[in-house]
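Reading through the structure tokens given below for one structure.
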Amino acid sequence: QLQLVESGGGLVQPGGSLRLSCAASGITLNHYAIGWFRQAPGKEREGISCIGSDGLSRKFADSVKGRFTISRDNAKNTVALEMSSLKPEDTGVYYCAAVHRPGGDYDVRGDLRPCNDMDYWGKGTLVTVSS
């Protein structure tokens with residue numbers, strides 16, 4: 001059974017940076033795409049980034065493009081979300097999630113398949129952006 005644990009959340013001022021980490025145990029992440037999601041107060045959960053199992057392809061929501069980066073270390077079974085130029089609207093609970101991709105990460109056009117229908121979820125870490 002794959003378990004995911006997020007860490008690195010906290011209080012940060014607008015314009016600041018945070019690095020979130022997602023650590024997996026139970027199963028290696030080699031054949032899993034990993035997504036980061038967030039849920040702001042009073043809003044639905046939204047997907048903000050996705051990285052393929054090979055770490056070569058990534059997707060970002062428009063709201064975080066250019067400010068967030070995602071990376072993975074399959075040897076350490078971890079995925080990181082680097083967040084910079086943080087805004088108050090980035091406040092929320094951040095979740096990492098994994099989806100098994102035994103057939104590969106790419107669709108018939110060669111594009112990274114989106115991170116949806118996730119198989120496993122972490123419990124989340126709170127990020128608060130406020131002065």
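Residues R101 and H31 fail the side-chain proximity criterion, which asks for heavy atoms closer than 4.5 Å. For the pair V127/L18, a side-chain contact is recorded, criterion being any heavy-atom separation below 4.5 Å from C-beta on. Between V79 and S21, every side-chain heavy-atom pair lies at or beyond the 4.5 Å cut-off.
For P14 against S130, the heavy-atom pair with the smallest separation is CD-C, 3.6 Å. Of all non-hydrogen atoms in L4 and A97, the two that sit nearest each other are CD1-CA, 3.7 Å. Between V129 and T91 the shortest heavy-atom distance is N-OG1, 2.9 Å. Heavy atoms only, all atoms of each residue included: I51 and I70 are closest at CG2-CD1, 3.6 Å. Taking both residues in full, the closest heavy atoms of L112 and K59 are given as O-CE, 2.7 Å, listed atom of the first, atom of the second, then distance.
To the nearest 0.5 angstrom, S85 atom OG is 7.0 Å from R67 atom CZ. The SG atom of C115 sits 11.0 Å away from atom CD1 of I48, with the distance rounded to the nearest 0.5 Å. The CD1 atom of I34 lies 8.5 Å from the SG atom of C50; values are rounded to the nearest 0.5 Å. To the nearest 0.5 Å, the span separating CD on E6 from CG on L20 amounts to 8.5 Å. Of the inter-residue distances, the one linking N30 atom CG with N77 atom CG reads 7.0 Å to the nearest 0.5 angstrom. Separating the SG atom in C22 from the OH atom in Y94 is a distance of 14.5 Å, to the nearest 0.5 Å.
Hydrophobic clustering (ILVMFWY, side-chain heavy atoms < 4.5 Å, transitive): W36 and F60 are in one cluster. In the hydrophobic clustering of this structure, V5 does not group with L29; members are Ile, Leu, Val, Met, Phe, Trp, Tyr whose side-chain heavy atoms approach within less than 4.5 Å, directly or through other members.
Other cluster members for V93: F37, Y95, V99, M118, W121, L126, joined by side-chain heavy-atom distances under 4.5 Å among Ile, Leu, Val, Met, Phe, Trp and Tyr.
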Do any side-chain atoms of residues 104-111 form donor-acceptor pairs under 3.5 angstrom with protein atoms, and if so which ones, sequence neighbours left out?
residue: D105; atom: OD1; partner: S53; partner atom: N; Å: 3.4
residue: D105; atom: OD2; partner: S53; partner atom: N; Å: 2.6
residue: D105; atom: OD2; partner: S53; partner atom: OG; Å: 2.5
residue: Y106; atom: OH; partner: D54; partner atom: OD1; Å: 3.4
residue: Y106; atom: OH; partner: D54; partner atom: OD2; Å: 3.1
residue: Y106; atom: OH; partner: S57; partner atom: OG; Å: 2.9
residue: D107; atom: OD1; partner: R109; partner atom: N; Å: 2.9
residue: D107; atom: OD1; partner: G110; partner atom: N; Å: 3.0
residue: D107; atom: OD1; partner: D111; partner atom: N; Å: 2.9

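Under a 3.5 Å cut-off, the side chain of R72 and the backbone N or O of G52 do form a donor-acceptor pair. The backbone N or O of G9 sits less than 3.5 Å from a side-chain atom of T125, completing a donor-acceptor pair.
H100 NE2: more than 12 foreign heavy atoms inside a 6.0 Å radius.
In this structure R38 satisfies the salt bridge (Lys or Arg N to Asp or Glu O under 4.0 Å) test together with E46, D90, sequence neighbours excluded.
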